[in-house]
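Each ligand, and each atom within it, is numbered from 1 in the order the structure gives.
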Amino acid sequence: MSTFAFHTYGCQMNVRESEAAAKALLDAGHTEAPDEASADIIIVNSCSVRGKAEDKALGKLGLLCATKRERPGRVVGLMGCMAQRMGKEIFKKIPLLDFAIGTRCADRVAPAVEAALQGRTTLALTDLHERPDAPSGHVYGDGFSAFVTILLGCNRRCTYCIVPDVRGDEWSRPARDVIAEVRELAAHGVKEVTLLGQSIMNYGLRTPAFDEQDPPSPGGYTLPFPRLLEAVAAIDGIERIRFTSGHPSGVTDELIRLYREEPKLCHHLHLPVQSGSTEVLSRMRRGYTRERYLEAIQKLRDAVPDIAITTDVIVGFPGETEADFEATRTLMAAAKFDNAFIFKYSPRPGTVSATWEDDISDAEKARRNQILLGDQDVRGAQQNQALVGQTVEVLAEGPSLRNKARWSGRTSSNKIVIFTPPEGIRPGDLVKLTITKAAPQTLYTE
Ligand code: SAH
Ligand code: SF4
Ligand code: F3S
């Protein structure tokens, strides 16, 4: 039997799918390699969201395939969004590649590995309008935290975004399946689950077409999203629930009530804004205005004062003027984001915005990016400073990477805390700590 390693790019959904594929390889009798260099089988799980993400994966695959010269039996495979987007083209770019498996079919990785070990090449793409299978199988170690995909695909079709083309039609998993999966996780000692979906607040909103042929069982296939959160919170052993990514349309009174009343629901929301200019938002087809977004945040902060809100922003979208950019800057200040991921716009083949001129130079995108990062650093430091002196509940993760005598963990608001471990502590324990020092990205205790 062989050893394997995964190299995963992209979002948490890819992390989840790499794990599901790893589980299938373990079940087939393979073992996890101690490191990538020694692995007999290496699988790159890829992302297409920006050109750079694809370039990185292509570079990596090139290097890995070059190692096959010294290690002829080595298997190098590709899965995920870039495989789905490129299809058989990928074999022209990377001729020594053993397989390319698209999205929604992590279960085809193990058979592709078997074929590769026998010298056969596999290309498996998915019909993106088909009813998808959720990634199944978790690797149980001493992990206390797990991802659970609840919404597959995306129907929003923001004009810049490749995700609907590589992940396919939106589909909500049956609530029963989600609950069964979380119960199994809890039975294996998992304490924190993060529910995943590109536009997760659409969970349960749309009735998929196949439901018409395949009528719901008693109780129905899905629940409204807040009901699903409650059902997950009712599972014994689960201490914390997170979810990503949010959209202002889902910030309802019902969700806000849950943030206030359901102690297991973490006080953190990742709510990508993309731009602070209503004009840009409308060309992005995001479905909200600057005012509507700020209103949603205000409502949340009024009701849940300690909630942390994080975001994604794109700079240099086609036609983004200096005034549009300033609007993003002022929105970010008004929203008081706890953290922000800033991306330079990258035209993606086949998307609507790729037909518009990419008229902001790379240097200008870099300048706007730097300004927003600088602002966010100052804001993050200020916001964390305000937590000094407060007592917070931290889920202990284990020894910190930099200093093994100290441990790291996360607050409900998803902030990292470095602390001295109390006697007898184990990863996954909840501890109350008083913050004594703050940095832009990290909190400390003495
Ligand atoms: N479904 C999530 C986003 C998933 S993609 C949502 O809608 O909130 C993650 C982030 O990548 C996006 O929020 C966006 O900021 C960024 N992104 C997506 N397409 C991009 C592109 N073409 N160029 C630059 N950044 C992009
Ligand atoms: Fe892309 Fe928009 Fe869907 Fe997010 S909601 S995945 S940005 S199309
Ligand atoms: Fe990337 Fe695919 Fe996720 S394009 S962001 S890995 S859905």
- Test item, R167 contacting ligand 3 (heavy atom, 4.0 angstrom): yes
- How far is atom 16 (C) of ligand 1 from its nearest protein heavy atom, and which residue and atom name does that atom have? R50 NH1, 3.3 Å
- atom 8 (O) of ligand 1 - nearest protein heavy atom and its distance: P272 CG, 3.0 Å
- Write down the atom of S400, the atom of I418, and the distance for their closest heavy-atom approach. CB-CD1, 4.1 Å
- Measure from atom 6 (S) of ligand 3 to every heavy atom in I162, V166, N14 and give the option owning the shortest one. N14
- Name the option, out of R348, H247, K365, R286, that contains the heavy atom nearest to atom 7 (O) of ligand 1. R286
- Query: Judged by modelled atom types alone, do H30 and E114 share a side-chain donor-acceptor pair under 3.5 Å?
  - Reply: yes
- Query: Do any heavy atoms of H247 fall under 4.0 Å from ligand 2?
  - Reply: no
- S413 side chain to T411 side chain, donor-acceptor N/O pair below 3.5 angstrom: yes
- Among D312, I162, I314, T351, closest by any non-hydrogen atom to atom 9 (C) of ligand 1: D312
- Determine, considering heavy atoms only, which of C11, S245, S346 sits nearest to atom 21 (C) of ligand 1. S346
- Task: Would you tell me whether R379 and Q376 have side-chain atoms, one donor and one acceptor, within less than 3.5 Å of each other?
- Result: yes
- Task: Answer side chain, backbone, both or neither: which part of R157 comes under 4.0 Å from ligand 2, heavy atoms only.
- Result: backbone
- Can the ring centroids of Y203 and F243 be said to lie less than 6.0 angstrom from one another? no
- Above 12 or not: heavy atoms from other molecules or residues under 6.0 Å from NZ of K56? no
- side chain to side chain contact (heavy atoms under 4.5 Å, CB included) partner of K264, the single match among L258, L229, I241: I241
- Using a heavy-atom cut-off of under 4.0 Å, does the side chain or the backbone of R156 touch ligand 1, or both, or neither? neither
- Ignoring hydrogens and angles, state whether a donor on the side chain of Y293 or Q274 is under 3.5 Å from an acceptor on the partner side chain. no
- Task: Have a look at V163, N202, D165 and point out the one with the heavy atom closest to atom 6 (S) of ligand 2.
- Result: V163
- Message: Under 4.0 Å, counting heavy atoms only: does G80 come that close to any atom of ligand 3?
- Response: no
- Query: Between P164 and ligand 2, which part of the residue brings a heavy atom under 4.0 Å of the ligand: side chain, backbone, both or neither?
  - Reply: side chain
- Message: Checking side chain to side chain contact (heavy atoms under 4.5 Å, CB included) between V148 and each of T194, L195, V232, which is the one that passes?
- Response: L195
- Between F343 and ligand 1, find which residue part has any heavy-atom pair under 4.0 Å and reply side chain, backbone, both or neither. side chain
- Task: Could you tell me the residue and atom name of the protein heavy atom closest to atom 18 (C) of ligand 1, and the distance to it rounded to 0.1 Å?
- Result: V49 CG2, 3.4 Å
- Note on the structure: shortest atom 3 (Fe) of ligand 3-to-protein heavy-atom contact is with C11 SG, 2.3 Å
- H270 touching ligand 1 at heavy-atom level, < 4.0 angstrom: no
- Query: For ligand 3, is any non-hydrogen atom under 4.0 Å from Q198's backbone (N, CA, C, O), its side chain (CB onward), both, or neither?
  - Reply: side chain
- Query: Judged by modelled atom types alone, do D312 and H270 share a side-chain donor-acceptor pair under 3.5 Å?
  - Reply: yes
- Backbone or side-chain N/O/S of C158 under 2.8 Å of atom 1 (Fe) of ligand 2: no
- Looking only at protein heavy atoms, which one is nearest to atom 19 (N) of ligand 1, and how far off is it? Y160 CD1, 3.3 Å
- Check whether any N, O or S atom of C47 sits under 2.8 Å from atom 1 (Fe) of ligand 3. yes
- Task: Around atom 3 (C) of ligand 1, find the nearest protein heavy atom and jot down its residue, atom name and distance.
- Result: Q198 OE1, 3.9 Å
- Task: Name the closest protein heavy atom to atom 15 (O) of ligand 1, giving the residue it belongs to and the distance to 0.1 Å.
- Result: Q274 OE1, 2.7 Å
